[in-house]
Amino acid sequence: TQMVVKAGPKAFWHCQPDNGTFELWFNGKNLFPDSGSYVYAGEGEVMEQRNWHRQTCVHNTVTLDNKNLETTESVTKLWQPEGAIQTLVTENPSYKNLKHRRSVFFVDNTYFVIVDEMAGSGKGSINLHYQMPKGEIANSREDMTFLTQFEDGSNMKLQCFGPAGMSMKKEPGWCSTAYRKRYKRMNVSFNVRKDGEEAVRYITVIYPVKKSADAPKFDAKFKNKAFDENGLEVEVIKIQNIKSLKASPCPFSWERLLIIMENYYTSSTLLLPLAALSLVSCNSQKKEEVRQPNIIFMMTDDHTTQAMSC
């Protein structure tokens, strides 16, 4: 399991305006493939095709009113690639008076929790985008979930938790695998109207799983009531049916993940987070210690990012 997160330099030529986007590999399959480039230069229709694949909104990141990022100058707030919770926090001044902070957690060597916070006085429609893999994907507007229906081996469940009034939109999209080669797929966005000073915040749980039927149920919420420049507190609950647990006296098993982060950084020093992982389960077992980072952070252009992903 490996996630490649990209937050490169200023977006021109070989660097698309897609800071914060990522690709996620599980058991040899890319579950969130990048939209690619398709073509590089030309006029008329060719330039339209190139510009379509360059759009911020066709990447796995956040936009304001579906517009391209105005500024692409990401900074790393926190990087902790070891332990039970691997952590990456990046921040980009995406639009005038509106910044995007993305916190990525790889939990217990199993699943990802992505926290997106759009903070500032900027107003408009906040759009959290995800580009789905090719194939059959079950989805529900009721609980904002997407579950791949692929053959056993590499599947995933995505569930987004957002503010009241959040809507979900599905659109046709493209994924380019090589020059002038591309295929159709589904693009998804979770949308919230921002009319005031309060930050818009999302929690997304992405659970890679071999069999779709084994994907657990989740609940997630913010414990800190508002955006905090210096901290983050999130609670994620994973619920599993007793049918998967033998000789267990409990009606169900659950895991409660409490992520507390305080004092991300100072002006000159990155500080380790205060992070707590609390697991309560009827069949608790020791997990193998993570020996290598599963989140790779690339501050470079698209060519290098895609090469690393491959």
Side-chain angles (χ1 to χ4, degrees), residues 1-5 22-33 60 84-86 103-116 128-162 166 168-170 175 185-190 202-222 234-246 248 250-259 277-285 287-288 290 294-295:
T1 306
Q2 197 160 69
M3 176 183 284
V4 180
V5 183
F22 64 87
E23 291 190 328
L24 172 57
W25 290 82
F26 177 65
N27 281 355
K29 184 178 181 66
N30 191 348
L31 294 172
F32 289 87
N60 301 312
I85 305 177
Q86 297 181 40
S103 304
V104 182
F105 306 95
F106 186 55
V107 182
D108 206 22
N109 206 28
T110 304
Y111 64 98
F112 293 88
V113 177
I114 302 176
V115 179
D116 290 292
L128 172 58
H129 304 273
Y130 289 107
Q131 318 306 309
M132 296 290 133
K134 182 180 181 180
E136 183 181 356
I137 303 176
N139 58 88
S140 169
R141 293 183 185 275
E142 182 177 353
D143 56 7
M144 301 295 180
T145 61
F146 289 81
L147 179 62
T148 60
Q149 305 292 305
F150 305 151
E151 293 182 358
D152 293 352
S154 184
N155 283 275
M156 68 85 184
K157 179 180 180 180
L158 179 150
Q159 186 167 6
C160 185
F161 302 86
M166 181 180 75
M168 181 256 282
K169 184 177 182 180
K170 297 181 292 184
C175 179
R185 64 169 172 182
M186 177 171 58
N187 294 348
V188 176
S189 63
F190 299 97
Y202 302 86
I203 302 171
T204 304
V205 177
I206 300 177
Y207 197 94
V209 63
K210 292 181 179 180
K211 297 181 180 181
S212 299
D214 293 340
K217 295 181 179 180
F218 284 98
D219 192 17
K221 62 182 178 181
F222 286 97
V234 173
E235 183 180 77
V236 178
I237 297 175
K238 182 177 72 172
I239 303 171
Q240 291 178 312
N241 193 294
I242 189 175
K243 292 181 180 178
S244 64
L245 302 175
K246 297 182 180 181
S248 172
C250 297
F252 58 85
S253 73
W254 61 281
E255 292 184 356
R256 179 175 176 271
L257 167 65
L258 182 61
I259 299 173
L277 175 62
S278 176
L279 295 177
V280 181
S281 175
C282 294
N283 67 332
S284 58
Q285 297 179 350
K287 303 289 185 178
E288 292 184 7
V290 177
N294 297 83
I295 305 173

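Quick caveat, the model's predicted, so the values are computed rather than measured.
- Ring pair Phe218/Tyr111: centre-to-centre distance below 6.0 Å.
- Val209 places none of its side-chain heavy atoms less than 4.5 Å from the side chain of Lys157.
- In this structure, CG in Asn139 is found 7.5 Å from OG1 in Thr145, a value given to the nearest 0.5 Å.
- For the pair Met144/Tyr202, no side-chain contact is recorded, criterion being any heavy-atom separation below 4.5 Å from C-beta on.
- Residues Lys221 and Asp219 form no side-chain contact, since every pair of their non-hydrogen atoms from C-beta on lies 4.5 Å or further apart.
- By the ring-ring contact (aromatic ring centres under 6.0 Å, His included) test, Phe32 pairs with Phe22, sequence neighbours left out.
- By the 4.5 Å heavy-atom criterion applied to side chains, Phe26 and Met156 are not counted as neighbours.
- Summarising the geometry, atom CD belonging to Gln2 is positioned 9.5 Å from atom CZ belonging to Phe106; distances are rounded to the nearest 0.5 Å.
- Remark: Glu151 CD is loosely packed, at most 12 non-hydrogen atoms of other residues, nucleotides or ligands lying under 6.0 Å away.
- For the side-chain contact (heavy atoms from CB on, under 4.5 Å) test with Asn187, the passing option among His129, Gln131, Met132 is Gln131; the others fail.
- In this structure, CZ on Arg141 lies 11.0 Å from CE on Met166, to the nearest 0.5 angstrom.
- For the pair Glu23 (side chain) and Asn30 (backbone), a donor-acceptor distance under 3.5 Å is absent.
- When side chains are defined from C-beta on, Thr204 does not count as touching Phe190, because their heavy atoms never get closer than 4.5 Å.
- In this structure, the side chains of Leu31 and Phe150 come closer than 4.5 Å at one or more pairs of heavy atoms.
- The side-chain hydrogen bond (donor to acceptor under 3.5 Å, both in side chains) check on Asn155 picks up Thr148, Ser212, with sequence neighbours excluded.
- Distance check: Leu24 CG to Asn60 CG gives 9.5 Å after rounding to the nearest 0.5 Å.
- Remark: side-chain polar atoms of Gln149 are paired, donor with acceptor, to backbone N or O of Leu147 under 3.5 angstrom.
- Residues Cys160 and Met168 are not in side-chain contact: their nearest non-hydrogen atoms beyond the backbone lie 4.5 Å or more apart.
- Of all heavy-atom pairs spanning Pro208 and Ile206, the tightest one is CD-O, 3.4 Å.
- With rounding to the nearest 0.5 angstrom, the CG atom of Asp214 is 8.5 Å from the OH atom of Tyr207.
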Exercise. Stepwise, does the side chain to side chain donor-acceptor pair (under 3.5 Å) test hold for Thr110 with Asp108?
Worked result: CA-CA 5 Å; Thr110 304; Asp108 206 22; 4.6 Å; no
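- With hydrogens and angles disregarded, a donor-acceptor distance shorter than 3.5 Å links the side chain of Asn27 to the backbone of Gly153.
- A 4.5 Å side-chain heavy-atom check between Met3 and Ile114 finds at least one atom pair inside the cut-off.
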